[in-house]
Amino acid sequence: MRTHEMRLAGRTVTGHVVETQEDLPAFADWAGRHTEFGYDTETTSLEVYKPGFRVRAAQFSAGDQTWFLPVERHPRFAWYTTTTLRHAKQLYIHNAAFDLQVADRHLGVPLAELFPKTIDTGIISRLVDSRARKEGGPGHKLEELTEVFIDPVAAKQIKGSVGQQCKELGLKKADYFEQVSLDDEIFQMYALMDPVLAWVLAKTLLPKVPDSARHLIGYEHEIARICSDISKQGFLLDQPYTNELATRLRQEETWWQMEIEREVEKLGFIDVDEFNPNSTDNVFEALVYMGHLEFKQTPTGKPQVDDDLLEHLAEGGMYFARCIKEMRKAGKWAGTWPESFLANADEHGRCHANINTLQARTGRMSITGIPAQTLPSGDWIVRRCFLADEGHVMASIDYAAQELRMAAVLSGDERMYRAFELGEDLHQITADAAGVTRKIGKMANFLVCYGGGWKALVEQAKIPEAMARKTIAGFNKAYPGVSKLAKEMTATAGKQGYIETITGRRLYVDSARAYSAINYAIQSASRDVTARGLIKADRAGLTSFLRLPVHDEVVASLPKNQANDLAKEIGECLRTQIKGVDFVTEPEVAARSWGSLYGADH
DNA sequence: CAAGGTGGCGCC
DNA sequence: AAAGGGCGCCACCTTG
């Protein structure tokens, strides 16, 4: 047994490192005397479901005592870990979805057993303040929270120690956690401190959750458990198709690249070997050389070379611009989607998305691993990569105009209420009030919910200033309640620095952008509509069918012979009424692939 | 050389 | 009067 003395916020913390099996009785004795623990695991990587993933160590803390178990050394260390997890009545974990999926998959303790007795300090910190560091908030990483709420010096040391060690050992951070010796003293101290921080953070942050948001604590843990179940289940990848798609896109990229080389040589303005079509700077120089001198500016003042410009030039007959655009697209698509799916698949060909249930400052979820929220929807080739399980078909259940319905709820706008009740076309109503096309009316509807003004409409719809002003005025005339709500929320945000959503969530708003308050309120409450739906679907026993939540939609894999009934059942779970507004859902069942919901497989 | 910022583009 | 919200990922480029 080795011990380390560490300092945290003026107190001494004692770390105990279990080195051999002879040390286990002392651990068991200590653990048996407690029921409440901080908990953390050290693992080879963050990819829980990838072949080769291993748990390296597990750490438990209580008060100023903390213990390190070298799980990878012998199954008995893992056994003591699982026994302690089961014996615990209360666990404090930072980003519990990770550690609990690790416990489920690699230590054999189910998510359903541990989540109900866990307080996740990641969740709590987001209920206290949802802003990341770069948004002016305290952030949500362990080091960031420690710095702000516990001990800035300790936070720096913890972050610095691993960084410095990486440098000394010549390792990247990812390699460090895989390769570092469990006997390494600095690693041990780093690992020992984490569960202590989770414990202290839980005690420090829980009282800071605003009263209005306290009821969300249990709710958010339930959502985190459901989304962990969805991640664990995984989404079946059609590997042959995905391989073929990746190859095809790379071939397209190469073909366009050769066209570009020919063009560059023909023009003779620069060495072919030095021209990189993926470099915005290079393309800018080339365009200038070719006589194009008018560029919009990026937010930092650099010349903008985007798709809009390239398309404009291509339409004007510049083949070079067409080539750049097509090459960029093929390369980006190949790397972002099919290649990353293939790299992410587990040994059974399933991709496990990482669902961050409270990622955005509005509480919206984000999905990494499979960037499922950004797959092209106008073209089915990418979604075609994913399949329903054997004997299943794909279904999607989405909310009809979820955010506009929320705008109606929050504003109480009579015209909007009536439109939803009678099934009228809200976009046409705006269009009629302004004397513009439905398409522009629709853009205006969303724009106002995003806090935008007429200038943005000029850009997006490519219409003259006067028409854009007229359209926004038309919206205000059609739905005066929404206009009023936007003004009120902006004022509230400006005055108190934050708004409160109808679900009680406190959202801080930058004073320079107080106008975004209405969007925060709509987006956040809409997220909670979907999240409440997920809980209802879970309680109805439907979680194992769910593959992904995507903002206002849920994707599901359903047994073929009951697909329609199950899709309707999920739809009923998601459907809800708020202040007389019916949040209608639209179940849709297609064939085997996700792409079949977008026109593939016909 | 790794980490972080920026530009660009995919979605709701 | 004017104000487009929220993300993730890739490639490039700068920084330390």
Side-chain angles (χ1 to χ4, degrees), chain A residues 130-135 163 166-167 170-176 276-284 296-310 324-325 327-329 331-337 339-340 353-354 356 358-379 382-383 398-399 401-404 443-461 468-469 472-473 486-487 490 493-494 507 509-510 512-524 526-527 530 548-553:
Chain A
S130 63
R131 293 171 299 171
R133 268 292 156 93
K134 62 175 192 303
E135 293 160 340
C166 285
K167 258 188 195 157
L171 291 172
K172 282 185 261 185
K173 253 196 178 156
D175 297 330
Y176 173 80
N276 181 348
N278 279 319
S279 159
T280 306
D281 294 357
N282 281 192
V283 174
F284 164 70
K296 278 192 261 176
Q297 293 201 337
T298 69
T300 52
K302 289 170 71 176
Q304 189 160 43
V305 185
D306 61 8
D307 248 19
D308 267 7
L309 174 66
L310 293 172
I324 296 285
K325 187 168 178 259
M327 192 201 124
R328 273 188 190 176
K329 184 182 164 183
K332 175 82 194 282
W333 279 40
T336 307
W337 295 310
E339 287 172 2
S340 92
N354 178 29
N356 303 302
L358 278 173
Q359 180 63 26
R361 65 189 289 176
T362 56
R364 249 198 185 181
M365 300 185 189
S366 82
I367 304 184
T368 61
I370 310 173
Q373 294 166 330
T374 64
L375 305 189
S377 58
D379 187 342
V382 174
R383 288 178 204 252
D398 63 345
Y399 289 91
Q402 190 191 49
E403 292 203 337
L404 281 175
M443 285 182 188
N445 282 352
F446 285 115
L447 214 55
V448 173
C449 292
Y450 291 161
W454 59 266
K455 270 195 173 170
L457 192 57
V458 170
E459 282 291 309
Q460 192 186 328
R469 286 176 187 273
I472 298 298
K487 281 201 191 89
T490 305
L507 302 178
V509 184
D510 303 348
R513 297 192 310 154
Y515 59 84
S516 46
I518 184 173
N519 176 253
Y520 286 15
I522 293 172
Q523 191 182 104
S524 187
S526 297
R527 177 275 191 195
T530 308
L548 291 169
V550 187
H551 301 313
D552 64 344
E553 174 192 4

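Residue numbering restarts at 1 for every chain, and letters A, B, ... go by the order of the sequence lines. No hydrogens, no waters, no symmetry mates; every other heavy atom, side chains included, goes into these values.
- A distance of 5.5 Å separates CG in A/N445 from CG in A/L404, rounded to the nearest 0.5 Å.
- In summary, the side chains of A/Q402 and A/T530 do present a donor paired with an acceptor at a separation below 3.5 Å, with no hydrogens or angles considered.
- Residue-level contact check: A/V382 touches neither bases nor backbone, having no heavy atom under 4.0 Å from any strand.
- An aromatic stack links A/Y450 and the base of C/dG5, using centre distance under 5.5 Å and interplanar angle under 30°.
- When the P atom is used for both B/dC12 and C/dG4, the distance is 22 Å, rounded to whole Å.
- Put simply, CD1 on A/I367 is 11 Å from P on C/dC9, counting in whole angstrom units.
- The interatomic distance linking A/Q402 (CD) with C/dG5 (P) rounds to 20 Å, in whole Å.
- Distance A/Y520 OH to C/dA3 P: 17 Å, rounded to the nearest Å.
- In this entry B/dA3 has C/dT14 as its Watson-Crick or G-U wobble partner, both defining distances falling under 3.5 Å.
- Projected onto DNA chain C by closest heavy-atom contact, A/A456 and A/R361 fall at different nucleotides, the more 5' of which corresponds to A/A456.
- Counting atom types as modelled, A/R328 pairs no side-chain N or O with a base atom of B/dC9 as donor and acceptor under 3.5 Å.
- Atom NZ in A/K332 sits about 12 Å away from atom P in C/dC12, given to the nearest Å.
- Put simply, the side chain of A/R527 does not reach to within 4.5 Å of the side chain of A/T362, judged on heavy atoms.
- The distance between atom CE of A/M365 and atom P of C/dG5, rounded to the nearest whole Å, is 23 Å.
- Taking atom CD1 of A/I522 as the reference point, atom C1' of B/dC12 lies 14 Å away to the nearest angstrom.
- For the pair A/L507 and A/R361, the minimum side-chain heavy-atom distance is 4.5 Å or more.
- Atom pair A/Q359:CD and C/dG6:P shows a separation of 13 Å (rounding to whole Å applied).
- For A/S366, the listed nucleotide lying nearest its side chain is C/dC7; candidates were C/dC13, C/dG5, C/dC7.
- Searching all strands for a Watson-Crick or G-U wobble partner of C/dG4 with both distances below 3.5 Å returns nothing.
- Atoms NE2 (A/H551) and P (B/dC11) sit 12 Å apart, rounded to a whole Å.
- Look at C/dC9: its Watson-Crick or wobble partner, with both distances under 3.5 angstrom, is B/dG8.
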